[in-house]
Amino acid sequence: MQITLPDGSVREYPDGASGLDVAASIGSRLAKAAVAVRHDGEMWDLTRPLPGDGTVEIITDATEDGRHIIRHSAAHIMAQAVLDLFPGATFAIGPPIQDGFYYDFAVDEPFTPEDVERIGDRMSEIVAEDQPFIREEMSKADALEIFARHRFKVEIIENVDESEVGAGDVVSAYRNTDAFTDLCRGPHIPSSGRLKAFALQRVAGAYWRGDEHKEQLQRIYGTAWESKKALDEHLHRLEEAEKRDHRKLGPELDLFSFPRDLGSGLAVWHPKGGMVRKQIEDHSRRLHERFGFEFVVSPHLAKSHLWETSGHLGYYAENMYPGMEMDGGDEYRVKPMNCPFHVLIYKGSARSYRELPLRLSELGGVYRYERSGVIHGLLRARGFTQDDSHTFCTPEQLGSELLMHLEFVLQWLRDFGFDDFEADLSTRPEKYVGEVPRWEQAERELAEALEAAQIPYQVAEGEGAFYGPKIDIHVKDAIGRRWQVSTIQVDFNLPERFDLEYTAASNDKGRPFMIHSAKAGSIERFFGVLVEHYAGAFPMWLAPVQVGIVTVADRHEEYADRVAERLRNAGLRVEVDAGSGKLGEKLRRMITQKYPSILVVGDNDVEGGTVGFRLRGEDERRGTPLAEAEQLLVEAAEVPS
RNA sequence: GCUGGCGUAGCUCAGUUGGCCAGAGCAGCUGCCUUGUAAGCAGCAGGUCGCGGGUUCGAGUCCCGCCGCCAGCUCCA
């Protein structure tokens, strides 16, 4: 048969040749690194005879596809270990995932940490045995017989899902030993000995088929790599990510805390965190003003009647706190969103097309009841502040308004040091309100805005909210993680529910379009993302303390205070440490607290009107004239614009 | 909400099978040192061992309930 290789060359192989034969004919190193092949785009086991002519690409171990296969095989090996060690256990599904794999089991007793250790040990034995992964194809009927004892496998075979076992009546399975076969589409590594590096990580409950009404299984997570080195690097990356964790850095840098007595998901901001937050909020107001928004303020409570009109009590009640009885029997609710208030402002007077677009903005504190298991530091809290805006405009204005909102969001994110964006455009779901032509206009104009702004985006078909289509913007942080932050949403629901109108030039009544937008999303969440992005080392304009001044000895305190005074007059946030400790000790404190700049003053500086000057991450420059230091610091602390 | 793990001074942690087990380092305070670029020395103070019940002659150590934290599942119109 004729095989075309990725470089375009064509080679002749005998019928029945396998991917391994192809790889070996190219080079022994390649054959050694190969884990599977792709034949005409379809993945095949390395040792499985190729079906005939076609293009063949060798999948090697250090690629995403290769690791995928290694991890999938690791999951099988883990299943074998579990079934060996726990006679009553049965297995459900075990796919590879980002950076690892898992397998779900039904067992009499949940796995203990000691069990996991034993499972890992048994896996090592299976790897040492170098068991082959033998592909077997069979009819569904035969498969049902083989897996009769395993109810989840039976369910999978009966509801055969092509993505799980392949098309048609034939299903495939992989046999490692006479005692262990797993239903699987493949491909797999040729033998268990090819699993070079793995680690089991944790146990967690997981619902069968992801449905919380179904049986809860025990899931074991693990990770597997092509080499010990790659595994170690991955574990190291996890440690690095842990060091950036805002829940750890927050208290360490004295930014915020979650006191037990407050309640879960409720934070208090300490002075340092409060200062950073103030910078974020100041910047939010600055940009909102620049982009033509007006500022409004609304209370934390409103009558339940308002939430009925808005529809929140119908579709959002489970995320709202219970009502409070007030005078006269009226019930009040704490707000989970700001939109109804802004709508009331719009509705407060008759609106003319001449007033539109009307752009209302508020840093509004909201409270949402989140299920206890989902709370996650500042990223998912029960009380938070949205940098929320609602824009009301005519149909003709929608396109330019959406583009303006998008440009605003992008500038906002760039100002905070993000420059890798991706967007999701979510379109009309099955259940929706509003008129289809309006949806289509909004979807089209959202897409046009994304294209005009040259933002890569994916269309999430049918993923829009019931009330309108939206754009969600994701940013990539310093270590490559994606975070969903900003959002721009069109809303057909509230203008209907509140019967919003404006008078058009023709003197006819029109219904305005409404655009919800949050640039940071939640200030708390955005702050948390910033902490992780910068690992707590904020850029100088955000840093709570911008300049730390350290005295060499007590006698330099007066000079240090004079320097501080001067820098404060230049608009900088300055802290003096004239404590009695050693210089190194005081410096260390400021460095570990991630101060962006530190000045040291001693005898020579007092005499010469200079400072020892150092910016974070740079070497010190002694004897820097004060005026020069001031200029450098002011420049370094400049707010983006 | 569910499954598993965890909860000892402000922080990081030690505390064997329940009985001199309430400890260490850092931080804090006081004193000495008067310091030139990442931890000077000494002393002092600090915890009803998350909270509430229970078992026991005796519980940080065992049991139950609650609260909180961590991972995952579910959720995040």
Side-chain angles (χ1 to χ4, degrees), chain A residues 97 102 104 107 109-113 115-116 201-221 242 245 247-248 251-252 254 257-266 310-312 314-320 336-337 339 368-377 379-381 426 429 431-433 463-468 470 472 484 489 491 493 516 521-522 525 548 550-557 578-593 598-606 611-614 618-623:
Chain A
I97 51 173
Y102 67 79
D104 287 347
V107 279
E109 292 292 324
F111 297 116
T112 64
D115 291 339
V116 174
Q201 293 168 302
R202 56 182 64 89
V203 180
Y207 300 104
W208 170 234
R209 295 291 192 199
D211 182 341
E212 67 175 315
H213 302 294
K214 291 190 171 150
E215 181 176 359
Q216 188 160 33
L217 307 173
Q218 293 296 309
R219 174 172 297 177
I220 304 177
Y221 282 91
E242 212 171 301
D245 193 321
R247 292 167 302 181
K248 182 175 152 66
E252 268 176 27
D254 202 17
S257 61
F258 288 92
R260 302 272 128 100
D261 292 338
L262 255 186
S264 182
L266 300 170
S310 68
H312 286 89
Y315 59 80
Y316 203 71
E318 16 180 275
N319 288 291
M320 292 173 68
M337 296 188 192
C339 8
R368 297 182 183 176
Y369 174 74
E370 300 284 2
R371 295 219 260 174
S372 63
V374 307
I375 288 167
H376 187 92
L379 301 183
R380 194 87 178 269
S426 301
K431 281 182 67 178
Y432 66 95
V433 299
E463 291 294 308
F466 73 89
Y467 55 76
K470 63 176 178 179
D472 292 318
Q484 207 270 104
Q489 318 191 349
D491 186 338
N493 183 48
H516 301 254
S522 135
R525 184 182 152 79
V550 188
T551 54
V552 173
D554 290 353
R555 60 180 177 278
H556 308 124
E557 182 169 0
S580 65
K582 294 281 187 234
L583 177 62
E585 192 182 341
K586 293 188 278 190
L587 268 170
R588 180 184 157 79
R589 198 193 111 248
M590 290 184 173
I591 292 167
T592 51
Q593 288 289 304
I598 301 174
L599 306 182
V600 175
V601 296
D603 286 335
N604 302 334
D605 299 299
V606 174
V611 295
F613 178 92
R614 72 142 88 191
E618 295 181 13
D619 289 336
E620 77 266 16
R621 295 162 45 189
R622 297 197 193 173

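A note on names: the letters A, B, ... follow the listed sequences, proteins ahead of strands, and every chain is numbered from 1.
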Q: Would you confirm whether A/Gln593, through its side chain, and A/Arg588, through its main-chain N or O, come within 3.5 Å as a donor-acceptor pair?
A: no

Q: Find the partner of B/G4: check Watson-Crick (N1-N3 plus N6-O4 or O6-N4) and G-U wobble (N1-O2, O6-N3) distances, both under 3.5 Å, and reply none if neither fits.
A: B/C70

Q. Is a salt bridge present between A/Arg622 and A/Asp605, judged by a nitrogen-to-oxygen distance below 4.0 Å?
A. no

Q) Under the 3.5 angstrom rule, does the side chain of A/Arg555 hit a backbone N or O of A/Asp603 as a donor-acceptor pair? A) no

Q | Upstream residue (5' side of RNA chain B) when A/Val374 and A/Arg247 are each assigned their closest nucleotide | A | A/Arg247

Q: Please measure how far the P atom in B/G19 lies from the corresponding atom in B/C62, and state the result in whole Å.
A: 11 Å

Q: Could you check which nucleotide pairs with B/G18 in any of the strands shown, counting Watson-Crick or G-U wobble with both distances under 3.5 Å?
A: none

Q.
Tell me whether A/Arg368 contacts the main-chain N or O of A/Pro336 through its side chain, where contact means a donor paired with an acceptor under 3.5 Å.
A. yes

Q) B/U61 and B/C21: how far apart are their C1' atoms, nearest whole angstrom? A) 10 Å

Q: Look at atom CG of A/Asp619 and say whether more than 12 heavy atoms of other residues, nucleotides or ligands are closer to it than 6.0 Å.
A: no

**Q.** Any-strand Watson-Crick or G-U partner of B/A42, both distances under 3.5 Å
**A.** B/U30

Q | Residue whose closest nucleotide on RNA chain B lies nearer the 5' end, A/Tyr316 versus A/Asp605 | A | A/Asp605

(Q) For chain A and RNA chain B, what are the first and last nucleotides along the strand, 5' to 3', with at least one atom under 4.0 angstrom from a heavy atom of the protein chain? (A) B/G1 to B/A77

(Q) Checking base pairs now: Watson-Crick or wobble, both atom distances under 3.5 Å. What partners B/G65? (A) B/C51

Q. Mind checking the P distance from B/C44 to B/G25? Whole angstroms is fine.
A. 12 Å

Q.
Given 3.5 Å as the limit, does a donor-acceptor pair link the side chain of A/Asp245 with the main chain of A/Glu242, or not?
A. no

(Q) Taking the C1' atom in each of B/C11 and B/G47, what is the distance between them to the nearest angstrom? (A) 14 Å

**Q.** Assigned partner base of B/G25, Watson-Crick or wobble definition, under 3.5 Å
**A.** B/C11

Q: Determine the Euclidean distance between corresponding C1' atoms of B/A14 and B/A24; express it in Å to zero decimal places.
A: 7 Å

Q) Taking the C1' atom of each, how far is B/C32 from B/U16, in whole Å? A) 41 Å

Q. With both distances under 3.5 Å as the test, what is the Watson-Crick or G-U wobble partner of B/C75?
A. none

